[in-house]
Participant: 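First the structure, which I've put down as structure tokens, then a few questions once you've had a look.
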Amino acid sequence: MNVRELLDQIKDLPPETLVCVAEIDEAFAANAANVEAVESAKIQSRKQDGTEAVELANGTEKVVVIRW
């Protein structure tokens, strides 16, 4: 997912909407603690399969990280 796709999905939500994080197909989510822009990420894979695919250092790509 990229920022454009994220913004398209949330454009009609009120600004007070809670941001949560959950694994795929989970029934519960954790409240997000932090949203971080990382400018030196190294993308290993763009597949949306729930595996660790981005190293948050040693690269030149920009990513958004939601932490809990």
Participant: Could you check whether atom CD of Glu26 has more than 12 heavy atoms from other residues, nucleotides or ligands sitting under 6.0 Å from it?
Facilitator: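 It does: Glu26 CD has more than 12 such atoms within range.
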Participant: Taking all non-hydrogen atoms of both residues into account, name the closest pair between Trp68 and Asn31 and its distance.
Facilitator: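 That would be CB-O, 3.6 Å.
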Participant: Using modelled atom types only, decide if a donor and an acceptor are shared between the side chain of Gln9 and the backbone of Leu6 within a distance under 3.5 Å.
Facilitator: no
Participant: Measuring from atom OG1 of Thr60 to atom CD of Glu39, what distance do you get when rounded to the nearest 0.5 angstrom?
Facilitator: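 The OG1 atom of Thr60 sits 11.0 Å away from the CD atom of Glu39.
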Participant: If you round to the nearest 0.5 Å, how far is CG of Asp12 from OG1 of Thr17?
Facilitator: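 Those atoms lie 10.5 Å apart.
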Participant: Between OG of Ser40 and NZ of Lys62, what distance do you get to the nearest 0.5 Å?
Facilitator: 11.0 Å
Participant: More than 12 non-hydrogen atoms from neighbouring residues, nucleotides or ligands closer than 6.0 Å to CD on Glu52, yes or no?
Facilitator: no
Participant: As an exercise, state the distance from CG of Leu7 to CG of Asn2, rounded to the nearest 0.5 Å.
Facilitator: 9.0 Å
Participant: So, using side-chain hydrogen bond (donor to acceptor under 3.5 Å, both in side chains) as the criterion, who are the partners of Gln44 when residues are at least two apart?
Facilitator: none
Participant: Excluding sequence neighbours, so at least two apart, what forms side-chain hydrogen bond (donor to acceptor under 3.5 Å, both in side chains) with Asn34?
Facilitator: none
Participant: Side-chain heavy atoms under 4.5 angstrom apart, residues restricted to Ile, Leu, Val, Met, Phe, Trp, Tyr: same cluster for Ile43 and Val38?
Facilitator: yes
Participant: Look up atom CE in Met1 and atom CD in Gln48, then write down how far apart they are to the nearest 0.5 Å.
Facilitator: 6.5 Å
Participant: Between Leu56 and Val65, is there a side-chain heavy-atom distance shorter than 4.5 Å?
Facilitator: yes
Participant: Looking at every heavy atom in both Ile24 and Gly50, which two are closest together, and how far apart are they?
Facilitator: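 Reported closest heavy-atom pair: CD1-N, 4.1 Å.
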Participant: Do Val35 and Val63 sit in one hydrophobic cluster, given that two such residues count as connected whenever their side-chain heavy atoms are within less than 4.5 Å of each other, even indirectly?
Facilitator: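 No, because Val35 and Val63 fall into different hydrophobic clusters, even though each may have its own neighbours under 4.5 Å.
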